[in-house]
**Student:** 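The structure under discussion is supplied below as structure tokens; questions concerning it will follow.
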Number of protein chains: 4
Amino acid sequence: MAKPNVISKDALIKCAKESLANNGINKFTLKSVAEVAGVTQGTIYYHFRTKEQLLLAIVQDISKNSWADISQKSNQYIISEAIASAKNRCSYDSYFHKLFSTLLVSSFNNEEMRMQLGEIVLNENNALTQNLSKFWPKSPIDGVSLETWGVLLTAIVDGLALQALLQKDFPVEKTYKEVEQLFNSLSNLLYEENQ
Amino acid sequence: MAKPNVISKDALIKCAKESLANNGINKFTLKSVAEVAGVTQGTIYYHFRTKEQLLLAIVQDISKNSWADISQKSNQYIISEAIASAKNRCSYDSYFHKLFSTLLVSSFNNEEMRMQLGEIVLNENNALTQNLSKFWPKSPIDGVSLETWGVLLTAIVDGLALQALLQKDFPVEKTYKEVEQLFNSLSNLLYEENQ
Amino acid sequence: MAKPNVISKDALIKCAKESLANNGINKFTLKSVAEVAGVTQGTIYYHFRTKEQLLLAIVQDISKNSWADISQKSNQYIISEAIASAKNRCSYDSYFHKLFSTLLVSSFNNEEMRMQLGEIVLNENNALTQNLSKFWPKSPIDGVSLETWGVLLTAIVDGLALQALLQKDFPVEKTYKEVEQLFNSLSNLLYEENQ
Amino acid sequence: MAKPNVISKDALIKCAKESLANNGINKFTLKSVAEVAGVTQGTIYYHFRTKEQLLLAIVQDISKNSWADISQKSNQYIISEAIASAKNRCSYDSYFHKLFSTLLVSSFNNEEMRMQLGEIVLNENNALTQNLSKFWPKSPIDGVSLETWGVLLTAIVDGLALQALLQKDFPVEKTYKEVEQLFNSLSNLLYEENQ
DNA sequence: CATGAATGAGACTTCATTCAT
DNA sequence: GATGAATGAAGTCTCATTCAT
């Protein structure tokens, strides 16, 4: 039978991501991926040596498409955009955070994957720190370095996402509005001090 | 009251938690739980109708032992204690956060479990807010409610834990020192304003 | 469903040996073993951790039942019996030699198995040497030790079996008659020399 | 005459033999052959209709290169040479005997192959008998025909090889020295009798 | 000629679950 | 109460084979 060129590796990864986010890690089977992709399981094995390799490819794909990588170009609204993007991903059904936590849990058994996920977060931190430094010549709070602000912002974004994942009625709008308020107030602190 | 079996339900839950945190959800099998507990699989079925019931029991157990439940009693150092306890749990091998994220991911397929986990987080938020209000008569930043401070603090704690889970060399000490610094600075803002 | 006590480990080994000798290593599947045994594949895994372990158990079983082990008790016809037994096993359809060569080939990928098979052969050699020494106070041919006679006899038995496995019309009767003749002539050499 | 392809049929057979001897029959896959040969699986199918055909080709190739075929030309040291060659092949890692036993086991499911292997052995026997007759005008032992001596010698060679395959420390040198001694003694018997 | 992509059957293995004892 | 033996469905993975290009 053997139709050639039915599917590309990237398409397979996309299908796998879908299957993973929808079914969760428990039901993330190669059969389900194959069904989503409309190919046979054997085809998956032609492209990926094992299921783990496929999971790893998903992680790499996410890394490649991560916000940190995308937002390298300078931009005066970059922080606002970052926060807006984070808010969008903050929901009970967040595809991204479901996927990410699923991968996190998988990574407990796969050191390589864990390292790659770690790097993704690290990049996120660094990107935030770098962009923050464009607004804040120095930290608005003594004793809290700009690097730590990057770390804390990332933590807040992920932590809020976690809460949203677990509470159907989590007040995303309200919370993010106040986060922005907080950010502005901190900026003001700096400004006043400068006067 | 419970008639003590050769192995008690609670002991079984404890073993299950261990197995879950150590092996991850993928290898969380009743066989492995049975091995850890030193009983046979049949015995588990004597205590729990299904595997899901066991997982749910784990969640309930965690809820019962959560920080929020424990720290009801008033205490002037309560916030410092909370932060210290969070810092302790913030590590590459954190039993608690591995367990929690594993349950989170499991809950994507189990609404009841998800709700219970959601409540745990909610209680955590509320406990923090309540304790914060003992220090802060009002929010140190206009436009950011005390409730939101509770939410944000929880988010920070969880978000930092996530980063620590993924980065072997995450600077736990440094970060938490600055978090405390931040907390003190915010308190000072309030105090100065009051002058 | 789960009927208890359907089959014993030993019965399983026996079925496995049958399946192995009949189907050859290529078609030696756990499914086929299960079918022969009238159980499900899962049952096999309850008794043996892997397919390899089952193969190993077969080897051990053969070792336990090997001629060398059985013929420990002294017996004045022991050599004749050994030859008769070897002759019986020497045929185009020899269950034993099919099984043994199959295991031999499997052992190329399994050092433990190979060692155990090696020991079986070694025991066979030693048993033969020991029994020979009851007939031959010394070797009938100068320069050929009794140990080597044991080795050579084993080699002949195995080598003839190999030929019989590959030739439908191999003259088993004739060959073994002449082997016995050879043995007697060698004994005579010793006797004459003694005169 | 054969139009040379990028890879010739013979080269493919050689690679297949290597793969077979190295990996054993279990891992003798067309993929592995293709890898050794540096071509793709499809290419193998261009040369051989099925996997079995390839195995058969291997057998034929061995037959063509067998000692019996090569040593047709008369030679007064032919027996010594045969024994020396047999000794060389007698080792724990013997490529030839690993290959041969693997094919033997495969042939249990393939009558055509089995017949061809049978013929190889038969030729070996006959060649030995023929060469023996150049040294021995008649059998040195009454009741043991020259044909049977050929059969027995082949059996010894194969049987010893089997033992060497299974025992890392099998005393090849010692054993073969004594085999030669045996051969000489038998020759002497004849000579003395003739006096 | 040769290949690369795909297939599908079937292998080994795991595991939640059942049930007679 | 507890267990050990068994089940069967489902999962991961392998491999001979096919075929359009």
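Side chains included, hydrogens not; waters and symmetry mates left out as well; all remaining heavy atoms used. Throughout, protein chains are lettered first and strands after them, A, B, ... in sequence-line order, and every chain is numbered starting at 1. Only a predicted model underlies this, so the values are computations on that prediction, with no experimental measurement involved.
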**Student:** Strictly below 4.0 Å, N to O, side chains only: are C:Arg114 and C:Glu119 in salt-bridge contact?
**Tutor:**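 Looking at C:Arg114 and C:Glu119, the cut-off is not met.
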**Student:** Is the phosphate of F:dC15, meaning OP1 or OP2, less than 4.0 Å from a side-chain N or O of D:Lys31?
**Tutor:**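 Looking at the OP1 and OP2 atoms of F:dC15, neither is under 4.0 Å from any side-chain N or O of D:Lys31.
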**Student:** Which whole-number value in Å describes the distance from B:Lys9 NZ to F:dG1 P?
**Tutor:**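 Whole-Å distance recorded here is 12 Å.
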**Student:** When you measure from the centre of the six-membered ring of C:Tyr95, is the NZ or CZ of C:Lys17 under 6.0 Å away and within 45° of the axis?
**Tutor:**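 No, cation not above the ring by the 6.0 Å, 45° rule.
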**Student:** Rounded to whole angstrom units, what separation is found between the NZ atom of C:Lys27 and the P atom of F:dC15?
**Tutor:**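 Those two atoms, NZ and P, are 17 Å apart.
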**Student:** Rounded to the nearest Å, what distance is computed from the CG atom of residue C:Asp10 to the P atom of nucleotide F:dA5?
**Tutor:**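 Checked: the CG to P distance equals 14 Å.
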**Student:** Pick the closest DNA chain F nucleotide for D:Arg49 and for A:Gly42 by heavy atoms, then say which residue is nearer the 5' end.
**Tutor:**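 Whichever sits nearer the 5' end wins; that is A:Gly42.
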**Student:** Rounded to the nearest 0.5 Å, what's the gap from OG1 on A:Thr40 to CD on A:Glu35? Could you check?
**Tutor:**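 Rounded to the nearest 0.5 Å, the OG1-CD separation comes to 11.5 Å.
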**Student:** Hey, does the side chain of C:His47 come within less than 4.0 Å of F:dA6's phosphate (OP1/OP2), counting only N and O?
**Tutor:**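 For F:dA6, OP1 or OP2 has a side-chain N or O of C:His47 closer than 4.0 Å.
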**Student:** With a non-hydrogen cut-off below 4.0 angstrom, is B:Phe48 in contact with a base, only sugar-phosphate, or nothing?
**Tutor:**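 Nothing, no nucleic acid heavy atom in range.
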**Student:** Between C:Gln41 and B:Thr50, which residue's closest nucleotide on DNA chain E lies nearer the 5′ terminus?
**Tutor:**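 Residue closer to the 5' terminus by nearest nucleotide: C:Gln41.
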**Student:** Quick one: pull up CG in A:Leu54 and CG in A:Leu12 and give me the separation to the nearest 0.5 Å.
**Tutor:**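 Output value for this atom pair is 6.5 Å.
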**Student:** Would B:Lys51 count as a cation-pi partner of B:Tyr45, with NZ or CZ less than 6.0 Å from the six-membered ring centre and within 45° of the ring normal?
**Tutor:**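 Output no; distance or angle outside limits.
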**Student:** In this structure, how many angstroms lie between the C1' atom of E:dC15 and the CD1 atom of B:Ile44, rounded?
**Tutor:**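 After rounding, the reported distance stands at 12 Å.
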**Student:** Nearest to the side chain of A:Leu30, which nucleotide is it out of F:dT12, E:dC12, F:dA16?
**Tutor:**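 Of all the options, the side chain of A:Leu30 is nearest to F:dT12.
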**Student:** Measure the CD-CZ distance between A:Glu18 and A:Phe28 for me, rounded to the nearest 0.5 Å.
**Tutor:**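 Those atoms lie 11.5 Å apart.
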**Student:** Check whether any side-chain nitrogen or oxygen of A:Thr43 sits under 4.0 Å from OP1 or OP2 of E:dA6, and answer yes or no.
**Tutor:**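 For A:Thr43, the contact criterion (side-chain N or O under 4.0 Å from OP1 or OP2 of E:dA6) is not met.
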**Student:** Starting from P on E:dG10, measure out to CG on C:Asn23 and report it in whole angstrom.
**Tutor:**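 So the two atoms are 15 Å apart, to the nearest Å.
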**Student:** With respect to the phosphate group of E:dA6, does any side-chain polar atom (N or O) of A:Tyr46 fall under 4.0 Å of OP1 or OP2?
**Tutor:**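 So the side chain of A:Tyr46 is outside the cut-off, no N or O lying under 4.0 Å from OP1 or OP2 of E:dA6.
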**Student:** Map A:Thr40 and B:Thr29 onto DNA chain E by nearest heavy atom, then report which one ends up closer to the 5' terminus.
**Tutor:**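 Nearest nucleotide further toward 5': that of A:Thr40.
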**Student:** Pairing of DNA chain F as dot-bracket, 5' to 3': ( ) intra-strand, [ ] crossing, | other strand, . unpaired, with Watson-Crick or G-U pairs under 3.5 Å?
**Tutor:** .||||||||||||||||||||
**Student:** Can you measure B:Ile25 atom CD1 to F:dG11 atom P for me and round it to whole angstrom units?
**Tutor:**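 The distance from CD1 of B:Ile25 to P of F:dG11 comes to 16 Å, rounded to the nearest Å.
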**Student:** Separation of C:Lys51 atom NZ from F:dT14 atom P, in whole Å?
**Tutor:**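 Rounding to the nearest Å, NZ of C:Lys51 and P of F:dT14 are 14 Å apart.
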**Student:** To the nearest angstrom, how far is C:Tyr45 atom OH from F:dG11 atom P?
**Tutor:**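 Whole-Å distance recorded here is 17 Å.
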**Student:** Hey, what do you get for CG (D:Asn109) to CD1 (C:Ile25), rounding to the nearest 0.5 Å?
**Tutor:**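 Going from CG on D:Asn109 over to CD1 on C:Ile25, the span is 10.5 Å.
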